[in-house]
Amino acid sequence: TNAIELEPKTVVYYSYRATAYYAKNLYDKAVGDYTKMIELEPEEPNYYSNRGDAYREMKQYKEALKDYDKALQLSKKRSDNDVSQSYHYNERGWTYFLLKEYDKAIDDSDKAVKLDPQNHYAWDTRGNGYLAKGMYDKAIADFTKALEIYPDDPEYYKNRGNAYTK
């Protein structure tokens, strides 16, 4: 906060504080700082995506989706690498999943895994979409792929176990 008072146009100070707010579950304050970052650098897609994450945590899903849409638009405009775009697609996909819009969640996470096949979060998101739709074999395959990439996440084992029991 002191650094921001001394240099109110330095984005990195807002970023540090927003990250701290987010970590402390102070999502409304994080949104405020991400919004200021966007005012200062409106062409940076990650600021929109980060604000979308905070909105999603506050269950403000429509606002989150707007931010993920903007992040994707800017990311494509400046030809960001596939890993970055994959991240934005997956975050929007997870938001669709939370809204129980499973087809959209699967579609976005499918785009994410095509852009970055090592994005284990996207494999998990798509697996959850398949699981919710009763497509258990596809869900098991996606959870297995997530585990191949990142075997240290117990959530992936739990999700795959849930799919096996159906």
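Values below: all heavy atoms of this structure, side chains included; hydrogens, waters and symmetry mates excluded.
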message = On a heavy-atom basis, which atom in Tyr87 and which in Ser49 lie closest, and how many Å separate them?
response = CE2-OG, 3.3 Å

ask   = Mind checking who shares a hydrophobic cluster with Leu72, ILVMFWY linked at side-chain heavy-atom distances under 4.5 Å?
value = Tyr89, Leu115

query = Are Tyr68 and Tyr48 linked, directly or through other ILVMFWY residues, by side chains that come within less than 4.5 angstrom of each other?
reply = no

Enumerate donor-acceptor pairs with a distance under 3.5 Å from any side-chain N or O in residues 148-156 to protein atoms, sequence neighbours excluded.
from, atom 1, to, atom 2, distance (Å)
Asp153, OD1, Glu155, N, 2.9
Glu155, OE2, Lys158, NZ, 3.1
Tyr156, OH, His120, ND1, 2.6

query = Considering residues at least two apart in sequence or located in another chain, which fulfil the ring pair (Phe, Tyr, Trp, His ring centres under 6.0 Å) criterion with Tyr13?
reply = none

query = Where the side chain of Ser109 meets the backbone of Ala105, is there a donor-acceptor pair that is under 3.5 Å apart?
reply = yes

query = Is the count of non-hydrogen atoms from other residues, nucleotides or ligands lying under 6.0 Å from Tyr16 atom OH greater than 12?
reply = no

key: Where Thr125 and Asn90 come nearest, the two heavy atoms and their spacing   = OG1-OD1, 2.9 Å

request  = List in chain and number order the residues that pass side chain to side chain donor-acceptor pair (under 3.5 Å) with Asp110, two or more places apart in sequence or in another chain; answer none if no residue qualifies.
outcome  = Lys114, Arg126

request  = Supply the members, apart from Leu26, of the Ile/Leu/Val/Met/Phe/Trp/Tyr cluster built from side-chain contacts under 4.5 Å; use none for a lone residue.
outcome  = Tyr21

key: Test item: Arg160 side-chain N/O and Leu147 main-chain N/O as donor-acceptor pair under 3.5 Å   = no

task = Might you point out which heavy atoms bring Ala54 and Val31 nearest each other, and give the distance in Å?
result = CB-CG2, 3.6 Å

request  = If a pair satisfies salt bridge (Lys or Arg N to Asp or Glu O under 4.0 Å) and one of its residues is in residues 35-47, list it, with sequence neighbours excluded.
outcome  = Lys36-Glu39, Glu43-Lys77, Glu44-Arg78

inquiry  = Give me the atom names and distance for the closest heavy-atom approach of Leu40 to Pro8.
reply    = CD1-O, 4.0 Å

message = Between Lys104 and Asp108, does the salt bridge (Lys or Arg N to Asp or Glu O under 4.0 Å) criterion hold? Intermediate values first, please.
response = CA-CA 6 Å; Lys104 289 181 179 179; Asp108 270 0; over 6 Å; no

Set of salt bridge (Lys or Arg N to Asp or Glu O under 4.0 Å) partners for Arg51, sequence neighbours left out = Asp67

key: pair Glu91-Arg56: side-chain heavy atoms closer than 4.5 Å   = yes

request  = Taking all heavy atoms of Asn119 and all of Val113, pick out the closest pair and write down the distance.
outcome  = O-CG1, 4.5 Å

task = Kindly give the cluster partners of Trp94, where membership spreads through any ILVMFWY side chain lying under 4.5 Å from a current member.
result = Tyr61, Leu65, Tyr96, Phe97, Leu98, Leu99, Tyr102

Side chain to side chain contact (heavy atoms under 4.5 Å, CB included) involving Ser84 - partner list, sequence neighbours excluded = Asn46, Ser75, Asp80, Asn81, His88

key: For Met37, the option from Val12, Asn50, Val11 that meets side-chain contact (heavy atoms from CB on, under 4.5 Å)   = Val11

request  = Could you tell me which residues satisfy side chain to side chain donor-acceptor pair (under 3.5 Å) with Asn25, sequence neighbours excluded, listed by chain and number?
outcome  = Tyr27

query = With sequence neighbours left out, what residues match Ala163 under side chain to side chain contact (heavy atoms under 4.5 Å, CB included)?
reply = Leu131, Ala139, Ile140, Phe143

key: Listed partners of Asp33 passing side chain to side chain donor-acceptor pair (under 3.5 Å), at least two apart   = Arg17

